[in-house]
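Both ligands and their constituent atoms are indexed starting at 1 by order of listing. Below, each value reflects all heavy atoms present in this structure, side chains not excepted, and no hydrogens, waters or symmetry copies. Since the model is a prediction, treat every value here as computed from it, not as a measurement.
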Amino acid sequence: MKILVINGPNLNMLGIREPDIYGSNTYSALENYIKSCASELGHEVTLFQSNHEGAIIDTIQQAYKAYDGIVINPAGYTHTSVAILDALKAVGIPTVEVHLSDISIREDFRKHSYVSLVAKKTICGLGFEGYKKALELF
Ligand code: CA2
């Protein structure tokens with residue numbers, strides 16, 4: 001299957017700070033991990049990371065009729081972005097939401113996810129392995 005993996009703001013900073021929450025591996029290590037999982041599973045994967053809400057929305061719109069699935073970690077936009085939720089609803093592509101940390105046991109403001117309203121499944125707290133589980137679901 002053709003899967004688009006989208007990572008939101010600050011995930012490019014992985015490994016630099018807060019290793020207790022997000023682990024000590026870098027974003028580039030995450031990209032390599034996702035590519036290797038996708039290849040094992042026989043998926044064709046495209047990776048996209050942006051710190052900009054509009055760029056994430058543009059990428060979701062461009063995926064229309066071009067991808068079979070989306071794996072998204074919207075990062076901080078998880079808790080704020082009705083616009084990313086609307087874009088995912090608009091394209092109608094099956095979506096799995098991933099979070100490195102377990103957002104259900106952190107600050108109250110992280111407990112609500114707009115993207116969860118459209119995601120087929122939300123995977124939290126498994127670190128990098130969450131992306132593998134998401135790819136396995138497709
Ligand atoms: O647990 C996750 O994957 C999050 O989506 C990560 C976001 C956070 O805002 C969400 O609530 C949960 C943060 C992305 C990366 O943040 C960093 C902060 C410091 C150093 C490196 C990355």
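- Note: no N/O pair closer than 3.5 Å links Glu18 and ligand 1 by distance alone.
- Tracing side-chain contacts under 4.5 Å through hydrophobic residues (I, L, V, M, F, W, Y), one reaches Val45 starting from Tyr33; they form part of the same cluster.
- Scanning all protein heavy atoms for the shortest distance to atom 12 (C) of ligand 1 gives Ile103 CG2, 3.7 Å.
- Within ligand 1, the atoms closer than 4.0 Å to a non-hydrogen atom of His79 are 10 (C), 11 (O), numbered from 1 in the order shown.
- Of all protein heavy atoms, the one closest to atom 21 (C) of ligand 1 is Met13 O, 3.3 Å.
- Considering backbone and side-chain N/O of Leu100, one or more are found under 3.5 Å from N/O of ligand 1.
- Residue contact check for ligand 1: Ile16 places no non-hydrogen atom closer than 4.0 Å to it.
- Checked by distance only, ligand 1 and Arg17 stay at 3.5 Å or farther apart across all their nitrogen or oxygen atoms.
- A donor atom on one side chain and an acceptor atom on the other are found under 3.5 Å apart for Asn73 and Tyr131.
- Among Tyr77, Tyr27, Tyr22, the residue whose heavy atom sits closest to atom 6 (C) of ligand 1 is Tyr22.
- Looking at atom 9 (O) of ligand 1, its nearest protein heavy atom turns out to be Arg110 NH1, 2.9 Å.
- Between the side chains of Glu53 and Asn51, no donor N or O sits under 3.5 Å from an acceptor N or O.
- In the model, Thr78 has no side-chain atom that pairs as donor or acceptor with a side-chain atom of Ser113 under 3.5 Å.
- The distance from ligand 1 to the heavy atoms of Gly76 drops below 4.0 Å at these ligand atoms: 9 (O).
- Taking NZ of Lys89 as the start and CD1 of Ile60 as the end, the distance is 13.0 Å to the nearest 0.5 Å.
- Of the protein's non-hydrogen atoms, the one nearest atom 1 (O) of ligand 1 is Ser101 OG, 2.5 Å.
- A donor-acceptor pair under 3.5 Å links the side-chain atoms of Glu97 to the main chain of Ser116, judged by distance alone.
- For the residue pair Tyr114/Asp86, the side-chain donor-acceptor check at 3.5 Å is not satisfied.
- Judged by distance alone, the side chain of His99 and the main-chain N or O of Gly125 form no donor-acceptor pair under 3.5 Å.
- Among all protein heavy atoms, the one lying closest to atom 22 (C) of ligand 1 is Asn10 O, 3.4 Å.
- Applying the 6.0 Å contact sphere to NE2 of His52 captures no more than 12 heavy atoms from other residues, nucleotides or ligands.
- Polar contact check, Arg106 against ligand 1: no nitrogen or oxygen pair lies under 3.5 Å apart.
- The shortest N or O to N or O distance between His99 and ligand 1 is below 3.5 Å.
- For His79 and Tyr77, the distance between ring centers is not under 6.0 angstrom.
- Within the 4.0 Å heavy-atom shell around ligand 1 one finds Pro9.
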